[in-house]
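These numbers were taken from a predicted model, which means no experiment stands behind them.
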Amino acid sequence: MIHIQSFENQYTDQVVDLILTIQQKEFQVPITINEQQDLLDIPNFYQQNHGDFWLALHENQVVGSIALIDCGENVGAIRKMFVKKEFRGKEFGIAQKLLDILTNEAQKAGMTNLYLGTLERLQAAIRFYIRNGFEAIEKQNIPSVFPFMAVDTHFFEKNIHPIS
């Protein structure tokens, strides 16, 4: 059984381990915790304004994550979408559940556009975003309020409709 909830500090070490393992070991992305200090202070970095950081838990173990940054100007940035390898795919549907919660919360907050950056080597993630209505966008066409990550090479946008 998978449970989705907002981040709590007790999960910090598990989140860091999940993300660094996927980035460094699985996909050989040359990024360290020093370049992602946001992971050590999730409440102050992500859980501000209408932003949040959600966890997918299986037996109280973090198996997935996704974050929404409220950039202002009705813009949301998606960050830190990771699902543990053993929990990927339609059988669990974790990535879809996480993205659906984020999108719904962004709509309730009045956001009209979601943006994200990723790497070319993460082809499964890119296909997932495209299936969910995201369209490729040139980096220079992303609003200036978007917080860029140095390693990202491919960018996507999705228009959403606010829910009142």
Mind listing the closest non-hydrogen atom pair of [X] and [Y] along with its distance?
X    : Y    : answer
K158 : N132 : NZ-O, 2.8 Å
F27  : R121 : O-NH1, 2.8 Å
L55  : E8   : CD1-N, 4.5 Å
P162 : T112 : CG-CG2, 3.8 Å
G76  : L68  : CA-CD1, 3.9 Å
V83  : L98  : CG2-CD1, 4.4 Å

* **Between CH2 on residue W54 and CD on residue Q5, distance to nearest 0.5 Å** =>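 Going from CH2 on W54 over to CD on Q5, the span is 12.5 Å.
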Hydrophobic cluster identity match, [X] and [Y], side-chain contacts under 4.5 Å:
X    : Y    : value
I160 : I163 : no
Y129 : V29  : no
I19  : I69  : yes

* Is the F146 ring parallel, tilted or perpendicular to the F155 ring (thresholds 30°, 60°)? ->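 Rings of F146 and F155: perpendicular, as their planes differ by over 60°.
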Main chain of [Y], side chain of [X]: is a donor-acceptor contact present, judged purely on distance under 3.5 Å?
X    : Y    : value
T12  : N9   : yes
E26  : Q23  : no
Q47  : F7   : yes
E91  : R88  : no
D70  : G72  : yes
Q48  : P43  : yes
E157 : I137 : no

Surrounding [atom1] of [X] (heavy atoms of other residues, nucleotides or ligands, distance under 6.0 Å), is the total greater than 12?
X    : atom1 : result
N44  : CG    : yes
E138 : CD    : no
Q24  : CD    : yes

Contact check, side chains of [X] and [Y], non-hydrogen atoms, under 4.5 Å:
X    : Y    : value
F87  : I2   : yes
D152 : K139 : no
E120 : Q123 : yes
I142 : F148 : yes
K84  : Q61  : no
Y46  : D52  : no

* Apply the test side chain to side chain donor-acceptor pair (under 3.5 Å) to residues Q37 and D41: give CA-CA distance (whole Å), side-chain angles for both, the deciding distance (0.1 Å), then the verdict. => CA-CA 7 Å; Q37 291 291 307; D41 193 12; over 6 Å; no
* To do: Going by the side chain to side chain contact (heavy atoms under 4.5 Å, CB included) test, name the single residue among V15, T21, I22 that passes it with L18.
  =>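 Exactly one pass, corresponding to I22.
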* Non-neighbouring partners of N159 that pass side chain to side chain donor-acceptor pair (under 3.5 Å), sequence neighbours left out ->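 For N159, the residues satisfying side chain to side chain donor-acceptor pair (under 3.5 Å) (neighbours in sequence not counted) are N113.
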* Asked: With N49, which residues qualify under side chain to side chain donor-acceptor pair (under 3.5 Å), at least two apart?
  ->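 N49 satisfies side chain to side chain donor-acceptor pair (under 3.5 Å) with no residue once adjacent residues are dropped.
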* To do: Tell me, with the steps shown, if M149 and K80 meet side chain to side chain contact (heavy atoms under 4.5 Å, CB included).
  => CA-CA 11 Å; M149 292 279 296; K80 306 302 181 192; 3.9 Å; yes
* To do: Apply side chain to side chain contact (heavy atoms under 4.5 Å, CB included) to M81 and F128, showing your working.
  => CA-CA 11 Å; M81 177 142 191; F128 172 78; 3.6 Å; yes
* Assess the pair F45 and F53: is the distance between their ring centroids shorter than 6.0 Å? =>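 When the ring centroids of F45 and F53 are compared, they turn out to be at least 6.0 Å apart.
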* To do: Evaluate side chain to side chain contact (heavy atoms under 4.5 Å, CB included) for I126 paired with F134, printing each intermediate quantity in order.
  => CA-CA 9 Å; I126 289 172; F134 285 82; over 6 Å; no
* Verify side chain to side chain contact (heavy atoms under 4.5 Å, CB included) between L99 and I78, making sure each step is shown before the conclusion. => CA-CA 9 Å; L99 183 61; I78 298 175; 3.9 Å; yes
* Got a sec, which residues hit salt bridge (charged side-chain N to carboxylate O under 4.0 Å, His left out) with K108, two or more places apart in sequence or on another chain? ->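 Here the qualifying residues are E105.
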